[in-house]
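Only one structure is covered here, and it is reproduced in the block below.
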Amino acid sequence: MTAMSRETLSRREFIRACLLSLGSLAFSPLSAIFQETGFGKLGRITTRELDLYSQPRDDSPIVGKRYRDQLVNIYEEVISPKGPAHNPLWYRVWGGYLHSAHVQKVRVQFNQPLAQVPEYGQLCEVTVPFSAAYEYKNGWKKWDSYPLYYETLHWVTDVVEGPDRQPWYQISSELTEYLVYYLPAKHLRPVPDQEYAPLSPDVPAHKKLVEVEIRTQTLRAYEDGQEVFSCRVSTGIPHLNPTRQGIPTETPKGEFRIFSKMPNKHMGSVTGNPDAEERGGFSLPGVPWTCFFVDTGVAFHGTYWHNNFGVWMSHGCVNMRNEDAKWLFRWTTPLYELPIKTRRDWERRGFGTRVIVK
């Protein structure tokens with residue numbers, strides 16, 4: 001390993017590094033993992049262990065296990081008449097069937113690294129199933145956490161030479177400017193401004209309404225009383241032990257306002273997922289498309305750790321599919337106005353869209 005250059009690569013050095021990196025993709029350990037599983041429909045196991053069944057029904061024999069971060073080829077998607085009712089989707093994989101609740105569908109996409117990024121940061125999305133983050137403290141070492149996962153979002157604030165002498169991105173946490181870590185640049189896709197620019201900005205703010213019905217686990221959005229969007233969600237688990245701060249895990253009912261929006265948020269412990277899980281908590285870097293509406297930390301947001309919408313799953317937040325959370329982020333107020341000009345613009349605060357949870 002080589003010591004990291006603390007300065008941004010020169011343009012000539014960067015072009016040379018890009019050419020080298022493109023030539024070395026086929027020989028990188030991560031590429032080898034992906035090539036073994038193929039580049040078709042892939043799934044990542046998102047829980048500690050997952051039962052493999054002989055048939056797409058949970059009363060069939062268990063014929064094996066799959067474990068966190070294993071990648072599986074998905075040969076077929078099956079809607080099972082045996083359910084479960086809220087989510088009857090199963091995946092046929094090698095050796096049997098996995099219920100979809102804890103399988104994240106993923107892809108492999110390598111990206112051309114940027115030569116430089118704005119001083120205030122460039123929003124980027126992870127486009128591989130997982131990527132191990134590194135720190136630089138008197139040398140390179142793995143960040144004390146799980147990898148960063150597919151479709152998580154992160155603010156990139158520099159381009160450096162990584163431990164493999166290829167372009168890596170410096171990622172700065174939105175929590176504090178002192179928390180930085182690094183990923184291979186080819187694993188991250190820059191998100192263009194137009195991709196998350198506001199939707200329906202001309203509709204008066206007071207005519208927008210978000211309604212969540214806990215009984216049916218559905219979210220609906222209205223413009224002047226007319227439904228314009230709906231999706232299934234996962235709200236907070238009732239009767240779960242309160243969090244360490246004494247906050248109930250059930251999503252609170254009532255009328256609220258969205259007051260803070262961030263395209264990415266590190267939720268839970270910052271010390272790393274394994275430690276947090278052992279203590280009954282969680283650590284989720286890069287949670288996408290967050291819209292906070294309760295000051296105890298309850299938000300609408302995307303979800304990459306389960307695929308089980310339509311049933312209670314969270315510690316109070318409203319879990320959504322990433323594409324649904326992105327739509328809501330763009331549509332609600334306060335508007336996330338672009339372009340970003342300073343790091344303070346990573347968050348937008350204001351008296352935003354009305355939310356009713358019932």
* Asked: Under 4.5 Å between any side-chain heavy atoms of Leu71 and Phe130, yes or no?
  -> yes
* Asked: Relative to Tyr196, does Lys326 satisfy both conditions: NZ or CZ under 6.0 angstrom from the six-membered ring centre, and within 45 degrees of the ring's axis?
  -> no
* Structure fact -> Taking every heavy atom of Arg44 against every heavy atom of Asp69, the minimum-distance pair comes out as NH1-OD1, 3.0 Å
* **Minimum-distance pair of heavy atoms, taken over all atoms of Arg349 and Pro334** => C-CG, 3.9 Å
* Structure fact -> So OG1 of Thr47 and CD of Gln104: to nearest 0.5 Å the spacing works out to 13.0 Å
* Taking all atoms of both residues into account, what is the closest heavy-atom pair of Ile258 and Val355, and its distance? -> CG1-CG2, 3.8 Å
* Quick one: does Val357's side chain get under 4.5 Å of Ile214's, heavy atoms only? -> yes
* List the steps, then state whether side chain to side chain contact (heavy atoms under 4.5 Å, CB included) holds for Ile74 with Leu42. => CA-CA 6 Å; Ile74 298 173; Leu42 288 177; over 6 Å; no
* Structure fact -> When every non-hydrogen atom of Trp346 is compared with those of Pro263, the smallest separation belongs to O-CD, 3.4 Å
* If only atom types and distance count, is the side chain of Lys105 paired as donor or acceptor with the main-chain N or O of Lys41 below 3.5 Å? -> no
* Decide if atom CH2 of Trp331 counts as having more than 12 heavy atoms of other residues, nucleotides or ligands within a radius under 6.0 Å. => yes
* For the side chain of Thr333 and the backbone of Leu335, is there at least one donor-acceptor N/O pair under 3.5 Å apart? -> no
* Would you please classify the geometry between the Trp90 ring and the Tyr53 ring as parallel, tilted or perpendicular, with 30° and 60° separating the classes? => perpendicular
* Structure fact -> For Thr218 and Val233 the tightest heavy-atom approach is N-CG2, 4.0 Å
* **Inter-residue atom distance Tyr91.OH - Arg66.CZ, 0.5 Å rounding** => 15.5 Å
* Side chain to side chain, Val210 and Phe300, heavy atoms closer than 4.5 Å -> yes
* Asked: Heavy atoms, side chains only, cut-off 4.5 Å: are Ser172 and Arg343 in contact?
  -> yes
* Backbone of Val311 reached by a side-chain donor or acceptor of Ser234 within 3.5 Å -> yes
* Decide whether Tyr120 and Val180 are clustered together by the hydrophobic rule: side chain heavy atoms of Ile, Leu, Val, Met, Phe, Trp, Tyr closer than 4.5 Å, transitively. => no
* Structure fact -> Distance col, row Leu328:CG vs Trp289:CH2, nearest 0.5 angstrom, shows 12.0 Å
* Asked: Got a donor-acceptor contact below 3.5 angstrom from the Ser131 side chain to the Leu148 backbone?
  -> no
* Residue that, paired with Lys358, satisfies salt bridge (charged side-chain N to carboxylate O under 4.0 Å, His left out) out of Glu213, Glu255, Glu211 -> Glu211
* Between CG of Leu209 and CZ of Arg220, what distance do you get to the nearest 0.5 Å? -> 11.5 Å
* To do: Report the relative orientation of the aromatic rings in Trp168 and Tyr134; use parallel for angles under 30°, tilted for 30 to 60°, perpendicular for over 60°.
  => perpendicular
* Gln70 side chain vs Tyr67 backbone, donor-acceptor pair below 3.5 Å -> yes
* Output yes when a side-chain donor or acceptor of Gln122 lies under 3.5 Å from a complementary backbone atom of Val191, and no otherwise. => yes
* **Ring center gap for Phe229 and Trp327 short of 6.0 angstrom** => yes
* Asked: Side chains of Met320 and His301: closer than 4.5 Å at any heavy-atom pair?
  -> no
* Asked: Is it true that the NZ or CZ of Arg348 lies under 6.0 Å from the centre of Tyr336's six-membered ring and within 45 degrees of the ring axis?
  -> yes
* Asked: In terms of hydrophobic clustering (I, L, V, M, F, W, Y; side-chain heavy atoms under 4.5 Å; direct or indirect links), are Ile171 and Leu123 co-clustered?
  -> no
* Anything under 30° is parallel, anything over 60° is perpendicular, the rest tilted; go ahead and classify Tyr304 against Tyr149. => tilted
* To do: Report yes or no: do Val78 and Val93 belong to one cluster of Ile/Leu/Val/Met/Phe/Trp/Tyr joined by side chain heavy-atom distances under 4.5 Å?
  => no
* Just by modelled atom types, is the Thr46 backbone N or O under 3.5 Å from a matching donor or acceptor in the Arg68 side chain? -> yes
* Stepwise, does the side chain to side chain contact (heavy atoms under 4.5 Å, CB included) test hold for Val159 with Tyr169? -> CA-CA 5 Å; Val159 185; Tyr169 287 151; 3.9 Å; yes
* Structure fact -> On a heavy-atom basis, the closest approach of Val318 and Phe293 is CG2-CZ, 4.1 Å
* Asked: Under a single-linkage definition using a 4.5 Å side-chain heavy-atom cutoff for Ile, Leu, Val, Met, Phe, Trp and Tyr, are Tyr181 and Val128 assigned to the same hydrophobic cluster?
  -> yes
* Qualifying residue for side chain to side chain contact (heavy atoms under 4.5 Å, CB included) with Glu151, from Val106, Asn322, Thr303, Thr127 -> Asn322
* Report yes or no: do Leu188 and Ile340 belong to one cluster of Ile/Leu/Val/Met/Phe/Trp/Tyr joined by side chain heavy-atom distances under 4.5 Å? => no
* Distance (rounded to the nearest 0.5 Å) between Lys65 NZ and Glu49 CD -> 4.0 Å
* Asked: Yes or no on side chain to side chain contact (heavy atoms under 4.5 Å, CB included) for Val287 and Trp305, after CA distance, side-chain angles and deciding distance?
  -> CA-CA 10 Å; Val287 175; Trp305 53 94; 4.0 Å; yes
* For the atom pair NZ (Lys186) and CD (Gln166), what is the distance rounded to the nearest 0.5 Å? -> 6.5 Å
* To do: Mind telling me whether Trp140 and Tyr136 have parallel, tilted or perpendicular rings, with 30° and 60° as the class edges?
  => perpendicular
* So, the side chain of Gln217 versus the backbone of Thr235: is there a donor-acceptor pair under 3.5 Å, distance only? -> yes
* Kindly say whether Leu89 contributes a backbone atom to a donor-acceptor pair with the side chain of Ser100 at under 3.5 angstrom? => yes
* Give a yes or no on whether the backbone of Val203 and the side-chain of Ser200 come within a donor-acceptor separation of less than 3.5 Å. => no
* Going by the side-chain hydrogen bond (donor to acceptor under 3.5 Å, both in side chains) test, name the single residue among His86, His99, Arg232 that passes it with Asn308. => His86
* To do: Assess whether side chain to side chain contact (heavy atoms under 4.5 Å, CB included) is satisfied between Cys124 and His154, documenting all intermediate values.
  => CA-CA 5 Å; Cys124 289; His154 308 275; 5.6 Å; no
